[in-house]
**Q** 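Sharing a structure, written as structure tokens. Questions coming.
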Amino acid sequence: MEHEEMTLVLLGATGDLTRRLLFPAIYRLYAAGKWDPKQIIGFAKEDWTQEQFLTHIEENLKIFVEDFNQATWNRLKPAIGYQSGDLTSASLGQLAPRIGGSAVFYLGLPPQLFGPAAEALGQAGLNRGTGWRRIVIEKPFGWDLDSAEALRAVIAPWWDEEQIFRIDHFLGKDTAQNVLTFRFVNRILGSIWNRENIQQVQITYAETLGVEGRWQYYDRAGALRDMMQNHLLQLFSLVAMEPPGEWDATDLHNHKAEVLRSVRRVLPEDMEKFAVAGQYTEGTVNGKSVPGYRNEEGISAQSITETYAGLKLYVDNWRWHGVPFYLRSGKRMAHDWAEIAVQMRPVPENMFGAGLADWLVFRMKPDEAIDLVMWAKKPGLGLETEEVVLTAPYKKAGEIEYSAYEQLLLDVIRGDHSAFPRFDEVEESWRIMDPILTAWANSEPQAYPAGSDGPKGQDRLMDPGLAWRDLTGGNSDK
Ligand code: BG6
């Protein structure tokens with residue numbers, strides 16, 4: 001159990017992130033005996049009493065924590081306080097007497113407030129204290145390369161890089177962490193993880209969800225900023241990075257930044273071959289009719305925001321030269337399906353039929369597992385082959401499941417930066433995205449019906465002989 005004598009301050013404590021993700025994570029960590037918080041202070045502009053805040057949190061825990069237990073909550077409650085105020089240094093400064101030693105300031109705020117809040121905390125002197133002081137910043141970090149650098153420039157005078165924890169909650173997911181573990185503990189993978197043996201990599205994050213009331217943010221962001229620049233590029237970097245010398249945050253960041261730097265920039269004249277934007281129209285998802293994006297609440301009928309983004313990336317280094325990495329993510333797709341799928345090249349001489357190639361799949365949704373898709377002799381008298389799938393489910397029945405936020409909160413408390421992108425990774429990711437953002441700023445995305453596999457145009461990204469996998473994990477090329 002972590003007993004670190006520290007205060008956790010949640011800025012934006014009356015918002016969605018706190019009620020849906022942070023407090024459930026805090027509660028579960030406490031209930032599982034992983035963290036015994038000394039003091040948590042909710043801070044927000046709402047003029048609430050402490051009692052009102054606690055009631056609000058309790059109501060939401062009952063919704064978002066399956067095995068909520070009143071007695072556990074009653075024990076945790078005394079550690080939680082509330083203070084109302086705005087994001088000025090004067091108002092934040094009033095927190096100072098309540099914070100003795102170490103503290104974490106978690107900015108659960110809209111992105112445009114990250115800079116002002118970090119600066120005001122610094123001006124109030126809360127960035128230094130008798131213990132350590134850390135700041136947690138949600139995504140997106142910036143809106144493009146320039147704004148990411150501008151945001152850094154606002155924060156840097158007050159907070160050093162070791163004090164900053166940029167959240168990309170995908171890095172707290174078990175499967176993301178398992179990509180590195182699986183790659184680097186199994187010798188069998190070491191020798192095949194390269195262009196000689198790997199034909200292509202597909203990273204898919206398909207969601208049946210739409211914008212779910214987040215239209216103010218989403219319509220400005222779109223799929224590139226919401227999913228690609230951060231989550232999918234991070235997953236990509238885990239698959240493609242060089243092995244670090246030791247398990248150390250600095251080594252991990254160095255190698256991730258290096259591989260991101262090796263990604264070939266998409267030139268304006270090549271945009272069609274490397275990037276596809278889509279937007280959903282009305283359709284049926286899980287048997288329910290849903291409106292098109294332009295008819296969603298709050299969205300303009302002329303919006304050209306992409307709700308789907310598909311990319312092909314090449315990594316210009318010795319390991320990956322010529323291997324396409326396909327990345328795609330979309331809202332209102334046919335299935336909730338997320339995976340990192342690595343396809344081997346076919347054997348040089350195939351005696352048993354064309355097109356047989358193996359896949360190693362890290363599945364994230366609907367369940368977490370590793371699948372090794374191979375070919376074997378079909379039982380019987382003939383010499384036919386059939387696909388065999390060796391599945392290693394990631395969770396066993398009865399095992400406790402931790403959410404990404406639980407993992408990441410503990411990492412912040414322990415001061416472990418491994419699962420938090422360093423600024424140069426963020427910078428390189430924007431460098432990859434910027435030309436695409438520019439190209440898409442004034443262009444119409446391709447329509448795809450809600451409940452489909454995405455826009456037809458995604459197929460044009462594929463190299464000859466390759467095809468996207470089905471959104472139920474099937475091999476579309478078999
Ligand atoms: C968030 C995006 O970062 O990740 C959402 O803003 C997306 O649009 C979500 O739905 C997906 O993550 P998860 O963990 O809920 O599958």
Side-chain angles (χ1 to χ4, degrees), residues 12 15-22 24-25 28 63-64 106-112 114 136-143 165-179 203-236 238 277-280 285-286 290 293 296-299 303 305-309 327-340 362-369 394-395 401-409 419-421 426 429 433 450 454 471:
D16 217 43
L17 181 81
T18 312
R19 77 186 177 94
R20 283 196 311 118
L21 296 165
L22 293 182
R28 279 196 230 101
I63 300 170
F64 294 109
Y106 197 119
L107 310 191
L109 299 165
Q112 64 276 19
F114 294 160
V136 183
I137 303 181
E138 272 287 331
K139 66 151 251 267
F141 195 88
W143 216 239
F165 290 74
R166 293 179 195 83
I167 291 263
D168 184 316
H169 79 280
F170 272 43
L171 294 178
K173 287 180 188 272
D174 260 333
T175 298
Q177 307 204 332
N178 197 24
V179 170
I203 304 179
T204 295
Y205 212 86
E207 297 179 283
T208 56
L209 282 179
V211 278
E212 315 298 314
R214 299 158 73 216
W215 59 271
Q216 272 174 320
Y217 153 76
Y218 194 87
D219 200 44
R220 282 190 64 213
L224 269 191
R225 291 189 176 92
D226 186 49
M227 298 294 290
M228 212 39 102
Q229 180 268 338
N230 33 71
H231 304 325
L232 271 77
L233 277 186
Q234 282 293 324
L235 295 180
F236 154 82
L238 300 179
Q279 189 189 69
Y280 65 84
V285 179
N286 293 332
V290 296
Y293 180 71
E296 297 275 14
E297 191 206 327
I299 306 292
S303 171
T305 300
E306 79 285 355
T307 60
Y308 166 100
L327 278 59
R328 65 177 163 167
S329 178
K331 300 274 187 206
R332 287 279 190 241
M333 305 270 279
H335 302 278
D336 283 304
W337 192 269
E339 60 175 29
I340 300 166
F362 298 90
R363 193 166 62 244
M364 303 174 85
K365 276 189 178 180
D367 53 348
E368 293 191 277
Y394 201 63
K395 297 266 155 46
E401 278 191 38
Y402 295 104
S403 70
Y405 276 93
E406 284 162 73
Q407 174 71 58
L408 296 177
L409 269 175
F420 298 83
V426 175
S429 307
M433 289 297 128
L471 287 187

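No hydrogens, no waters, no symmetry mates; every other heavy atom, side chains included, goes into these values. We count ligands from 1, going down the list as the structure has it; atoms in each ligand are counted the same way.
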**Q** Name all residues meeting the side-chain hydrogen bond (donor to acceptor under 3.5 Å, both in side chains) criterion together with Glu296; count only those two or more places apart in sequence or in a different chain, and write none if there are none.
**A** Tyr280
**Q** Are there any N/O pairs under 3.5 Å between ligand 1 and the protein, and if so, what are their distances?
**A**
from     : atom 1 : to     : atom 2 : distance (Å)
ligand 1 : 3 (O)  : Lys139 : NZ     : 2.7
ligand 1 : 3 (O)  : His231 : NE2    : 2.7
ligand 1 : 6 (O)  : Lys139 : NZ     : 2.9
ligand 1 : 6 (O)  : Arg214 : NH2    : 2.7
ligand 1 : 6 (O)  : Asp226 : OD1    : 2.6
ligand 1 : 6 (O)  : Asp226 : OD2    : 3.4
ligand 1 : 8 (O)  : Arg214 : NH1    : 2.9
ligand 1 : 8 (O)  : Asp226 : OD2    : 2.6
ligand 1 : 8 (O)  : Lys331 : NZ     : 2.6
ligand 1 : 10 (O) : Glu207 : OE1    : 3.3
ligand 1 : 10 (O) : Glu207 : OE2    : 2.6
ligand 1 : 10 (O) : Lys331 : NZ     : 3.0
ligand 1 : 12 (O) : His169 : NE2    : 3.2
ligand 1 : 14 (O) : His169 : NE2    : 2.8
ligand 1 : 14 (O) : Lys173 : NZ     : 2.6
ligand 1 : 16 (O) : Tyr205 : OH     : 2.6
ligand 1 : 16 (O) : Lys365 : NZ     : 2.7

**Q** In plain terms, say whether Glu339 and Arg363 are close enough for a salt bridge, that is, a side-chain N and a carboxylate O under 4.0 Å apart.
**A** no
**Q** Applying side-chain hydrogen bond (donor to acceptor under 3.5 Å, both in side chains), can you list everything that pairs with Glu368, at least two apart in sequence or on another chain?
**A** Thr175, Lys395
**Q** Can you list the residues that meet the side chain to side chain contact (heavy atoms under 4.5 Å, CB included) rule with Ala338, with sequence neighbours excluded?
**A** Tyr205, Met364, Lys365
**Q** Going by heavy atoms in the side chains, are Pro366 and Trp337 under 4.5 Å from each other?
**A** yes
**Q** Asp174 vs Tyr402, test: side chain to side chain donor-acceptor pair (under 3.5 Å). Steps then yes/no.
**A** CA-CA 8 Å; Asp174 260 333; Tyr402 295 104; over 6 Å; no
